[in-house]
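Here the structure is laid out as structure tokens; the discussion comes afterwards.
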Amino acid sequence: MEKRTEERLPLSSDPDQAVLGNGRTTPPGEHQQDPGVGVMALLNRGHDLESASQSHTYTAKEKKKLLAAESIDYLAPSSRVYKHWLAQQAWGRHWDRWLVMACIGIAMGVVGFSLHYLIHFFSFIKYHGNRWLLGHTHVLIGWMFNVSFSLALVYGSTWLVVHVAPEAAGAGVSEVMAYLNGCDIPNILTLKTLVVKFLSAALAVGSGLPVGPEGPMVHIGAIMAAGLSQGHSTHLGWDSGLLRRFQNPKDKRDFVTAGAAVGVATAFSAPVGGLLFMFEEVASFWQQSLGWQIFFACMVSVLTADTLHSGVSALKEGTFGLFDDEASTVFFEVQTQLATHAMAIIPAAVCGLVSGLLAIAFTFLNLRVTRMRSELLKTKKAKMMEPCILIVVFITIGTILPLFFPCVPTQCVIIQGESTPVCPEGTPPRIQRIVEDSIELYTCSPDAATSDIPPDWDTDPSQSNITVPKSYNELATLMSVTGEESIRHLLSRGTHREFGYAAILCMLAFYFIGAAVAAGSAISSGTFVPMLLIGACIGRLVGLVTVNIAASHGAGSDGAPPGVFLPPSPWAWIDPGAFALIGAGAFMGGVTRMTLALAVIMMEMSNDVRILLPAMVAIMLAKWVADAGCHSLYHGLLEVKCVPFLPKEATTSSSLELLEVRHVMAKPVVTLYERMKLGDIRDVLRSTNHNGFPIVSRFDENLIGLVAREHLLKLLVEAVRRGTCEHLEVGYSDLDQGLVDPMTSAAEEEQQLAVLEGHMASTQGMSSANFWEEELDLFPYINMSTYRVSESFSVEKAYLLFTTMGLRHLVVVDEANHVRGIITRKNLLGYRIDEAIESARRSGLNINSQY
């Protein structure tokens with residue numbers, strides 16, 4: 001029997017030596033030093049500042065973690081038992097698939113609506129209570145209430161994650177990406193993770209930490225889709241028996257893809273954006289029919305959530321079914337549309353360049369903190385303390401900083417959607433500042449307010465007795481509200497000088513550092529809202545600079561503040577609020593590297609189609625700049641967590657068409673025959689950790705197919721349980737149960753380990769004294785459609801096969817169909833390909849660089 005080191009290595013093997021299959025090992029000291037721990041590690045370049053066109057450099061410790069990771073198949077094995085199971089399923093029936101998609105959309109719409117309202121409930125208590133205390137007592141009292149309330153929420157959020165479901169920590173977007181790419185991430189799609197994700201996200205976002213719920217909603221949607229599509233729950237002990245035909249790896253992964261898209265669509269009220277987000281960033285395998293079904297599910301989810309919002313609005317004073325005001329279908333609706341101009345491309349390009357540079361810094365800081373967190377926070381107590389300390393520091397700084405800002409006098413107010421500002425009686429002819437109808441007084445005098453802070457202003461321009469607060473606090477207007485409200489302030493139109501440079505810069509630095517540090521801590525949270533807020537600050541600064549340039553030349557509309565143009569002026573596009581929207585998209589594009597999906601999401605959640613062209617310019621420039629400095633945040637997190645993720649395109653500086661698979665394949669290979677003694681199968685499973693075994697003919701050693709390790713273990717356990725392997729028949733549903741149900745897989749691992757160690761006894765009694773000498777017929781369980789290529793096959797095409805077909809194993813054969821090697825996703829990782837290229841060059845192969 002030939003032996004090889006395949007997807008899972010024997011524990012005693014040297015991972016680097018086994019990886020290449022060409023005799024080369026990584027020299028001592030070459031990329032082997034782990035980054036240090038501490039403050040210097042945070043500032044050390046390490047391996048987190050690498051161009052997107054370069055492969056990530058792993059340390060020796062990280063390579064071992066990569067080799068221990070598992071993979072999953074996308075397509076079911078084309079074996080005799082699978083074909084028998086498939087013949088019993090309803091073929092050509094499509095209505096049930098569309099019905100499941102509708103159920104996923106409705107369920108996610110209800111969950112998304114519930115999550116937003118729970119967050120709104122916590123935020124209402126926190127911010128309105130703090131406003132009342134600031135207006136009636138002392139700042140210290142407000143700080144004590146704020147810290148106590150928020151700390152209680154954060155403690156509950158982190159306790160759930162640390163003690164109940166650690167898999168619910170963070171946003172979960174990168175984990176969903178890895179699963180859809182073919183990586184086995186344990187326990188990320190369980191009911192327990194779903195419940196903890198929902199509650200932890202609501203508590204964390206409601207506490208006021210610089211985090212958002214959108215990332216967790218992607219994960220929640222994936223979990224719900226995985227559960228609903230399978231028609232059963234191991235946790236609840238319930239099985240409907242209605243969706244058995246979807247209980248296979250391909251269908252489950254397709255539904256998870258739809259669920260993640262629905263999560264994005266519900267989070268931003270962007271059905272098209274949700275579809276494009278999955279197509280561009282998350283999904284690894286795509287079909288046209290799947291795109292139609294996902295679009296339908298996204299449409300249903302947004303319709304469900306908006307209908308529920310309109311229902312709540314109707315209970316107050318709205319009309320049920322009318323998507324307006326509080327029930328608006330637009331997340332950050334821009335009510336004042338401004339015509340764009342060719343000159344707007346210049347400041348938009350500046351937004352893109354600055355956003356790209358800051359996106360590199362944000363990603364680097366986030367990854368560095370994540371590395372330090374994994375090294376320093378080992379205990380549950382330490383993991384829980386981190387977010388609790390963060391919220392105290394965040395609230396304390398957010399309380400103190402606005403005290404250093406003066407009370408800025410107000411003059412006129414502009415109602416969003418109107419083009420003319422409304423000024424109270426006695427306003428001087430030369431207006432210096434126009435503000436929104438919702439500003440924060442903080443510690444400023446509330447003399448002009450008769451009730452709540454801020455008061456309700458008369459929005460009728462024909463009236464002259466308009467009540468306007470005498471002054472407000474610029475920084476408090478941004479800091480003393482939720483992240484979403486802060487974004488709305490920054491996106492407001494016609495409020496050119498509502499926020500000065502100092503306030504915007506403080507908010508930018510405050511949220512930049514806070515979001516980078518809080519992301520990835522032991523709470524369920526995302527970074528979408530923080531990224532939008534940071535980008536909006538960048539765009540607002542660029543817009544304010546543009547206004548000041550116009551003011552320096554004496555330009556502006558009559559009766560407006562210096563440098564301010566009011567509609568219908570052709571220069572009305574010089575508005576910091578418009579550039580705030582451009583900056584929000586640009587910074588998010590620089591961090592995530594999305595382009596098409598992001599442009600559509602920005603338009604759907606703002607309803608400002610006229611700004612599309614400058615936004616596209618800024619997004620593309622931000623992406624190009626960020627690509628030159630680091631990998632995207634999601635890919636970087638997967639690299640830090642040592643997940644063997646395969647990008648859609650290989651990151652290498654040489655043409656892989658010139659490199660043959662014999663340079664990257666692992667060899668020699670452990671092969672099996674069609675009929676094997678039970679003892680021999682047990683010995684092979686004991687001595688190797690391989691997840692796939694090529695089956696060859698005993699007569700001529702020709703490749704027949706491949707059998708999975710999981711299936712061999714199932715057969716072995718069943719044979720031991722029966723006491724014989726004669727007439728042994730195990731159906732595909734039983735063989736595949738562990739792949740579609742992680743809880744069942746965990747329970748079966750104990751039985752399989754007991755069999756391999758000889759601790760599991762037969763429930764029927766051994767039928768023969770020579771039980772382990774009995775031969776097991778593997779032919780019904782062989783995947784007869786195993787992909788195989790010749791040794792001269794190019795790595796470029798092999799990589800394409802893996803990423804388009806969702807392969808787990810690719811067998812390499814010679815001209816006589818004899819097994820010569822095998823390729824898994826571990827062999828196609830960027831650093832492995834780079835090592836293979838260097839080895840091939842030393843052996844005399846001419847592989848030129850692309851540059």
Side-chain angles (χ1 to χ4, degrees), residues 118-159 202-211 384-410 435-457 467-486 488-489 498-499 502-503 506-507 509-511 513-515 517-518 523 533:
L118 190 56
I119 293 171
H120 175 75
F121 173 75
F122 291 137
S123 299
F124 181 87
I125 296 175
K126 170 185 168 70
Y127 292 107
H128 279 259
N130 191 44
R131 284 195 194 105
W132 189 91
L133 291 172
L134 287 173
H136 296 80
T137 60
H138 192 271
V139 174
L140 182 61
I141 303 299
W143 173 84
M144 292 174 62
F145 164 78
N146 211 343
V147 167
S148 301
F149 182 78
S150 298
L151 186 59
L153 295 183
V154 171
Y155 182 85
S157 176
T158 185
W159 188 91
L203 293 169
V205 179
S207 72
L209 274 172
V211 296
M384 290 182 62
M385 284 181 62
E386 183 198 10
C388 293
I389 294 174
L390 287 176
I391 188 63
V392 173
V393 173
F394 193 77
I395 290 177
T396 302
I397 296 176
T399 302
I400 295 174
L401 276 181
L403 297 177
F404 292 93
F405 281 73
C407 294
V408 180
T410 62
V435 299
E436 300 171 83
D437 55 352
S438 58
I439 53 177
E440 296 295 321
L441 303 186
Y442 204 57
T443 57
C444 300
S445 174
D447 292 342
T450 57
S451 57
D452 193 14
I453 303 175
D456 293 328
W457 286 327
T467 303
V468 180
K470 294 179 180 178
S471 59
Y472 71 102
N473 189 300
E474 291 184 7
L475 187 58
T477 302
L478 296 176
M479 280 190 177
S480 299
V481 293
T482 65
E484 295 173 359
E485 284 298 321
S486 183
R488 292 187 178 97
H489 285 309
E498 181 177 353
F499 306 107
C506 281
M507 187 63 182
F510 180 65
Y511 233 79
I513 298 174
V517 175
I523 55 174
L533 197 154

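Only heavy atoms go into these numbers, but all of them, side chains included; no hydrogens, no water, no symmetry mates. Since the structure is predicted, the reported quantities are computational estimates derived from the model, not experimental observations.
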Does the side-chain contact (heavy atoms from CB on, under 4.5 Å) test come out yes or no for Cys506 and Phe405, once each step is laid out? CA-CA 11 Å; Cys506 281; Phe405 281 73; 3.9 Å; yes
Give me the atom names and distance for the closest heavy-atom approach of [X] to [Y].
| X | Y | value |
| --- | --- | --- |
| Ile125 | Phe145 | O-CZ, 3.6 Å |
| Glu498 | Glu474 | O-CG, 3.5 Å |
| Leu475 | Met507 | CD1-N, 4.1 Å |
| Ile397 | Pro402 | O-CD, 4.2 Å |
| Ser150 | Lys126 | OG-NZ, 2.8 Å |
| Ile119 | Val205 | CG2-CG1, 3.7 Å |

Between Tyr442 and Tyr472, is the ring centre distance below 6.0 Å? no
Atom pair [atom1] ([X]) and [atom2] ([Y]), whose distance is rounded to the nearest 0.5 Å:
| X | Y | atom1 | atom2 | value |
| --- | --- | --- | --- | --- |
| Ile395 | Trp143 | CD1 | CH2 | 9.0 Å |
| Ile523 | Met384 | CD1 | CE | 12.0 Å |
| Asn130 | Phe149 | CG | CZ | 11.0 Å |
| Ile439 | Thr477 | CD1 | OG1 | 6.0 Å |
| Trp132 | Ile141 | CH2 | CD1 | 11.0 Å |
| Asn473 | Leu403 | CG | CG | 8.0 Å |

Can you classify the ring geometry of His120 versus Phe124 as parallel (below 30°), tilted (30 to 60°) or perpendicular (above 60°)? tilted
Please work out which of the three classes, parallel, tilted or perpendicular, describes the rings of Phe510 and Phe394, given edges at 30° and 60°. parallel
Using distance only, find each side-chain donor-acceptor pair of residues 152-159 under 3.5 Å and give its atom names and separation, not counting sequence neighbours.
unit_1, atom_1, unit_2, atom_2, d
Ser157, OG, Ser200, O, 2.9
Ser157, OG, Ser200, OG, 2.7
Thr158, OG1, Ala522, O, 3.0

Does any part of the side chain of Leu441, heavy atoms only, come nearer than 4.5 Å to the side chain of Ser471, both counted from C-beta? no
In chain order, what residues pass the ring-ring contact (aromatic ring centres under 6.0 Å, His included) check against Phe121, with sequence neighbours excluded? none
